[in-house]
Number of protein chains: 2
Amino acid sequence: MKKKSTHEQFVAYLRSEGKNITPERMLILDEVLAQKAHFKIDDIIDKMSCAEKKISRATVYRSIKTIENAGLIKYIRSINDEKIYEVVKKHHDHMICESCGKIIEFHDNDLETLQDAICESHGFVPQRHTMKIFGLCEKCKS
Amino acid sequence: MKKKSTHEQFVAYLRSEGKNITPERMLILDEVLAQKAHFKIDDIIDKMSCAEKKISRATVYRSIKTIENAGLIKYIRSINDEKIYEVVKKHHDHMICESCGKIIEFHDNDLETLQDAICESHGFVPQRHTMKIFGLCEKCKS
DNA sequence: TAATAATTGAGATTAAATCTCAATTATATG
DNA sequence: CATATAATTGAGATTTAATCTCAATTATTA
Ligand SMILES: [Mn+2]
Ligand SMILES: [Mn+2]
Ligand SMILES: [Zn+2]
Ligand SMILES: [Zn+2]
């Protein structure tokens, strides 16, 4: 069985929620998938406002939220508290350089296991987490 | 040598920054310290707007930022993305119940050590971090 | 193809936070 | 203590991200 493309996942989500499959929604998803790793909603708004088929700011906000509810994107908060979106792939956490803003993604199994153990000791059932480490990247630390 | 009270720390900060020690700033700090563990800025605004000496919304926002810059308080984002402030004490991370909103503070040395090791392996110099685990608390999980 | 419900765009609105500026107050100095 | 100076405050205006409104348009279903 072939793994569903993000596109197909989104269509399946829209169907399951009784939402219409509109060109606006699909074009916004396309633009999201065309972004570099981390993007802001204004990046999408700017693109859609001067695209061949113009799409309004309100619709971009609405569709981004729909895509987020579908579990296909999520956001973290930058140093300046801006929402920084990314496509959801494998779970990972973030290191963020306070100097240049660089975002490093990382994943560590021991860390995840330890987190689960700590939760258990508190009678807490973990569902998801975010961890952001702020500091200086290789380039900026010297 | 006696450890400085938060009050003294704030005064020292204001002096070091050439900022004036005003009754408004000190009263807002007092109110902050009188809060329960986690509070919203509106809690402070409400209190100050009907206190004996009324203090304006603008001044509360300005002073909270000053107290934050002094390193005496910080905030995390709730499930609804609201800013939740707390007085800075020992470093800790948070578990947040998705059902009732309960916030559990925890600290684990192994976790911190592991984080540092992971940073080192990425050539990253950590300065601070936030970790929020969302899930279900003891009461809500059943 | 027609009926129905969902979606869209454009501008209005909201809410958190910041800004403006005249009036007030803290601080430094003699 | 009195005065000069610079910082701060309050009240309302403004900003910004995000949401809402509603008439016109479009997707879906039958
Ligand atoms: Mn990422
Ligand atoms: Mn806390
Ligand atoms: Zn850097
Ligand atoms: Zn709970």
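Computed from a predicted structure; not experimentally measured. Note on naming: letters A, B, ... go to the chains in the order of the sequence lines (proteins, then strands), and numbering restarts at 1 for each one.
Smallest separation of non-hydrogen atoms from B/N20 and B/L14: O-CD1, 3.9 Å. Residues B/L111 and B/F106 approach most closely at CD2-CE1, 4.1 Å, considering heavy atoms.
Mapping A/G18 and A/I55 onto DNA chain C via the closest heavy atom, the residue that lands nearer the 5' end is A/G18. When the nearest nucleotides of DNA chain D are assigned to A/E24 and B/R57 by heavy-atom distance, the more 5′-ward of the two goes with B/R57. Projected onto DNA chain C by closest heavy-atom contact, B/K19 and B/K65 fall at different nucleotides, the more 5' of which corresponds to B/K65.
Distance from the side chain of B/D42 is smallest to C/dA16 among C/dT27, D/dA27, C/dA16. With distances taken from any side-chain atom of A/R62 to the nucleotides C/dA16, D/dT28, C/dG9, the minimum falls on C/dG9. Ranking D/dG10, D/dT8, C/dT8 by closeness to the A/T59 side chain, first place goes to C/dT8.
For the pair A/R15 CZ and D/dT28 C1', the interatomic distance rounds to 10 Å; values are reported in whole Å. Between the P atom of D/dA17 and the CD1 atom of A/I44 lies a distance of 15 Å, rounded to the nearest Å. Distance CZ (A/R77) to C1' (C/dA16): 11 Å, rounded to an integer number of Å. One can place CZ of B/R25 at 10 Å from C1' of D/dT9, the figure rounded to the nearest angstrom. Between the CG atom of A/L14 and the C1' atom of C/dA5 there is a distance of 16 Å, given to the nearest Å. To the nearest angstrom, P of C/dA5 lies 19 Å from CD of A/E17. When rounded to the nearest whole Å, the span between CD of A/E68 and P of D/dT19 equals 9 Å. Rounded to a whole Å, the CE atom of A/M26 is 16 Å from the C1' atom of D/dT26.
Ring planes of B/H92 and B/H94: perpendicular class, angle over 60° (limits at 30 and 60°).
Regarding contacts with the backbone of D/dA18, a side-chain N or O of A/K83 is found under 4.0 angstrom from either OP1 or OP2. Between A/Y61 and the phosphate of D/dT19, there is no side-chain N or O to OP1/OP2 separation shorter than 4.0 Å. Close to D/dT9, at under 4.0 Å from its OP1 or OP2, lies a side-chain N or O of B/T22.
Salt bridge annotation for B/E138-B/K102: absent, with no cationic side-chain nitrogen under 4.0 angstrom from a carboxylate oxygen. Salt-bridge formation is detected for the pair B/K74/B/E86: a Lys NZ or Arg NE/NH1/NH2 atom is positioned less than 4.0 Å from an Asp or Glu carboxylate oxygen.
Bending across the helix from C/dT1-D/dA30 to C/dG30-D/dC1, expressed as the angle between its end axes from five pairs apiece, amounts to 40° (10° rounding).
Linking Ile, Leu, Val, Met, Phe, Trp and Tyr residues whenever their side-chain heavy atoms come within less than 4.5 Å places B/V87 and B/Y61 in a single cluster. Side-chain heavy atoms closer than 4.5 Å link hydrophobic residues (I, L, V, M, F, W, Y) into clusters, and following such links, possibly through other members, connects A/I64 to A/V11.
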